[in-house]
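Structure first, commentary second.
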Amino acid sequence: MNRVRFAPSPTGFLHIGGARTYVFNWLYARSTGGQVLLRIDDTDAGRNTEESLRSILDGLRWLDLPWDEQHFQSKRRSSHVQAARALLASGAAYRDFTPEGEGQTERAAGEPWLFNPGMRELGTAESDRRADSGEPFVARFRVPRDRPGGATFKDLVYRKQFRRFSDIEDFALLRSNGDPTYHLASTVDDGELGITHVIRGQDHLTNTFKHILLLEALGFDRPAFGHLPLLLGPDGSKLSKRRHGALVSVTNYRDMGFLPRGFVNYLSLLGWSPKNNQELLEVPQLVEAFRIQQVLRTNAVVQFGDKPGSAQCDPKAVWLTGQHLRRMPIGQLMPYCEHVLRDAGWWLDELAGRRRPWFIEAVDSLRSRLNLLSELTTRCRAYFRDDYGFEAKARNNLEKSGVREMLHVLADRLDASKEFTEKSVEQEIRSLAAERGVKAGLLINGSRAALTGQTVGPSAFRVFTIIGKARCVKRLSAV
RNA sequence: GGCGCUAUCGUCUAAGGGUUAGGACAGGGCCCUCUCAAGGCUCAGAUCGGGGUUCGAAUCCCCGUAGCGCUACCA
């Protein structure tokens with residue numbers, strides 16, 4: 001059975017690039033009946049933060065693509081250290097006593113750094129003696145640089161890869177404080193956790209040669225590798241927490257009102273496409289269509305600005321959420337709406353009880369003009385609250401001659417009428433307009449303005465029934 | 001500097017030897033219409049440059065150029 005892993009390090013919040021990597025891992029696993037492991041790569045104790053871990057877990061949970069196993073790399077430390085000892089013992093690795101920061105002279109001269117002089121050939125006896133005397137060292141992998149040829153692997157995305165042994169530097173396995181490095185920990189874990197497919201960012205493409213060498217030295221089966229093109233910011237640089245800030249945080253998209261399925265749909269289209277011009281896809285459809293071999297090799301730019309608000313996100317991401325929002329079964333949409341109202345402090349228990357049908361009706365009437373869930377509490381305020389304001393254009397509609405007075409009359413008539421449906425309201429409005437010899441539009445638009453403070457929204461008659469008779473009479477009389 | 005990866009509309013992408021180089025988002029226009037959306041129709045918009053190979057190249061090869069990644073006792 002296939003086993004894939006997503007291995008973020010908790011040194012910053014989960015960003016879009018990480019989420020895309022997770023989505024592709026997940027899609028690959030699910031499309032092949034495999035399992036997804038979440039492995040928190042927390043070997044760099046100094047840089048880990050609790051907050052980052054929370055951001056990663058929150059962001060991942062929000063995506064609603066569940067994983068099967070969860071691991072913490074820090075808890076597997078003894079395995080890593082043991083592996084390093086074995087490599088040292090077999091001679092596949094050696095101790096490098098060069099003090100930190102020294103020994104990069106070639107690099108300064110423009111030559112590539114491959115290893116520190118004199119350390120590869122240190123005899124066992126001397127190496128042991130210096131280590132025993134407490135001299136700090138880093139454990140390095142002894143790359144077989146005298147061997148002709150090089151390391152090869154067939155990347156699922158980038159195809160055949162080759163690198164000369166002589167171009168691979170003797171990378172560190174253990175730092176001088178005894179901590180395992182990423183290369184060691186990651187490789188040992190991939191081996192021991194039975195990972196069959198390593199799907200990760202293209203920034204690891206050249207690291208893979210080191211991992212292959214390590215895997216081989218440790219006697220693990222080699223997993224398949226698939227590297228994903230990178231996500232770039234509008235400035236063309238690799239997405240990073242440092243450079244692009246909270247703007248690219250997954251939880252930020254959640255808070256802006258994106259729908260998980262819309263966001264996942266958007267991410268899935270970055271570097272991959274189903275090749276049939278279909279862009280709006282549900283998660284099951286993505287699983288069905290996803291093929292790792294057809295992932296592209298070109299980096300993709302994620303659009304976003306530096307000011308807050310929906311206009312600053314990639315418009316396609318917004319559009320996709322809007323599409324899902326108006327197409328998904330209303331029952332699936334309601335829990336998200338409830339959350340939004342709760343977060344705004346607008347929630348009323350009766351919306352889950354007596355007024356549940358009304359709540360569903362209202363959302364269903366409103367959703368064709370929403371793109372993000374958050375618009376429920378911004379543009380749709382007047383449907384849920386009585387303390388709404390008036391836009392300038394709405395005010396203008398009310399200022400038109402005779403409108404206020406007619407709206408007051410309308411309020412009285414509606415109040416007096418037993419019936420209150422879209423049809424009955426339309427009749428009242430049209431007959432009043434006819435009586436006064438004015439165009440119905442004047443009253444229709446005036447009503448919308450009075451009832452919602454806006455000039456835009458659902459059909460005016462619909463607006464009446466959503467808001468309800470009592471509130472309509474009150475609002476019309478009040479203008 | 002060294003090693004590597006990549007290059008199609010503004011952005012995401014399709015076409016992988018023969019197409020008027022297709023679609024989507026964003027933008028313009030029209031239709032629908034009580035407004036705004038949605039929906040339908042439509043316009044504009046691209047093969048990085050130069051050489052090859054070929055009857056024919058966006059597609060294959062080479063050279064440039066540009067971008068990105070790696071080059072750490074970060075991951």
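Per chain, numbering begins at 1; letters A, B, ... match sequence-line order.
Counting non-hydrogen atoms under 4.0 angstrom, A:Ser9 reaches the backbone sugars and phosphates but no base. Residue contacts shown for A:Ala460 include a base, since a base heavy atom lies under 4.0 Å away. At the heavy-atom level, A:Glu100 lies under 4.0 Å from base atoms of the strands shown. A:His183 comes within 4.0 angstrom of a nucleotide base, judged by non-hydrogen atoms across all strands. Looking at heavy-atom distances under 4.0 Å, A:Thr43 makes contact with sugar-phosphate atoms alone, never a base. Within 4.0 Å of A:Pro458, counting heavy atoms only, lies at least one base atom of the nucleic acid. Counting any heavy atom pair closer than 4.0 Å across all strands shown, A:Glu426 reaches no nucleic acid atom. Looking at heavy-atom distances under 4.0 Å, A:Phe137 makes no contact with the nucleic acid at all. Nucleic acid contact class of A:Arg462 (heavy atoms, under 4.0 Å, all strands): none. No contact: A:Gly441 has no heavy atom under 4.0 Å from any strand.
For A:Lys238, a side-chain nitrogen or oxygen approaches OP1 or OP2 of B:rC70 to under 4.0 Å. In this model, the phosphate group of B:rG16 is not approached by any side-chain N or O of A:Gln293 to a distance below 4.0 Å at OP1 or OP2.
Separation of the A:Phe24 and A:Phe290 ring centroids falls under the 6.0 Å cut-off. Taking the six-membered ring for Trp and the full ring otherwise, the centers of A:Phe153 and A:Phe209 sit less than 6.0 Å from each other. Aromatic rings of A:Phe304 and A:His244 (six-membered ring for Trp) have centroids within the 6.0 Å cut-off, being under it.
With a cut-off of 3.5 Å on both Watson-Crick or G-U wobble distances, the partner of B:rC70 is given as B:rG2. Using Watson-Crick or G-U wobble geometry with both donor-acceptor distances under 3.5 Å, B:rU65 finds its partner in B:rA7.
Contact between A:Asn299 and A:Leu230 at its shortest, heavy atoms only, is ND2-N, 2.9 Å. Across every non-hydrogen atom of A:Leu373 and A:Cys337, the tightest pair is CD2-SG, 4.4 Å.
Among the nucleotides B:rC74, B:rG2, B:rA37, the one closest to any side-chain atom of A:Ser368 is B:rA37. Nearest nucleotide to the side chain of A:Trp113, out of B:rA72, B:rA75, B:rC34: B:rA72. With B:rA75, B:rA26, B:rC73 as the choices, the nucleotide that has an atom nearest any side-chain atom of A:Pro315 turns out to be B:rA26. The side chain of A:Trp319 sits closest to B:rA24 out of B:rA75, B:rC34, B:rA24. Out of B:rC73, B:rA37, B:rC74, the shortest distance to the side chain of A:Arg369 is found at B:rA37.
Atom-to-atom, CD1 of A:Ile168 to P of B:rC3 comes out at 14 Å; the value is rounded to the nearest Å. At whole-Å resolution of the value, CZ in A:Phe141 and P in B:rC73 are 16 Å apart. In this entry the distance linking CG of A:Leu173 with P of B:rC74 reads 12 Å, nearest Å.
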Check your understanding: What one-letter contact string describes nucleotides 4-15 of chain B from 5' to 3', where B marks a base within less than 4.0 Å of any protein heavy atom, S marks contact via sugar-phosphate atoms alone, and - marks no contact?
Key -> -SSS---SBSS-
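Comparing the P positions of B:rU42 and B:rC5 gives an interatomic distance of 43 Å, to the nearest angstrom. Across the P atoms, B:rC12 and B:rG50 are found 24 Å apart, a figure rounded to whole Å. The P atoms of B:rU8 and B:rC60 are separated by 13 Å, rounded to the nearest whole Å.
For B:rC34, its base sits under 3.5 Å from the side chain of A:Arg448 at one donor and acceptor pair at least. Residue A:Thr11 places no side-chain atom within donor-acceptor reach of the base of B:rA75, judged by atom type and a 3.5 Å distance cut-off alone.
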Exercise for review: Test side chain to side chain contact (heavy atoms under 4.5 Å, CB included) on A:Leu407 and A:Ser447 and set out the steps.
Suggested key: CA-CA 7 Å; A:Leu407 291 180; A:Ser447 301; 3.7 Å; yes
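Where A:Leu370 and A:Ser237 each meet RNA chain B at their nearest nucleotide, the meeting point lying more 5' is that of A:Leu370.
In this structure, the side chains of A:Arg164 and A:Arg145 stay at 4.5 Å or more apart for every pair of heavy atoms.
Between A:Glu426 and A:Arg430 a salt bridge is recorded (basic side-chain N to carboxylate O distance below 4.0 Å).
Between A:Tyr22 and A:Phe6, the ring planes are perpendicular. Angles over 60° get that label, and only those under 30° would be called parallel.
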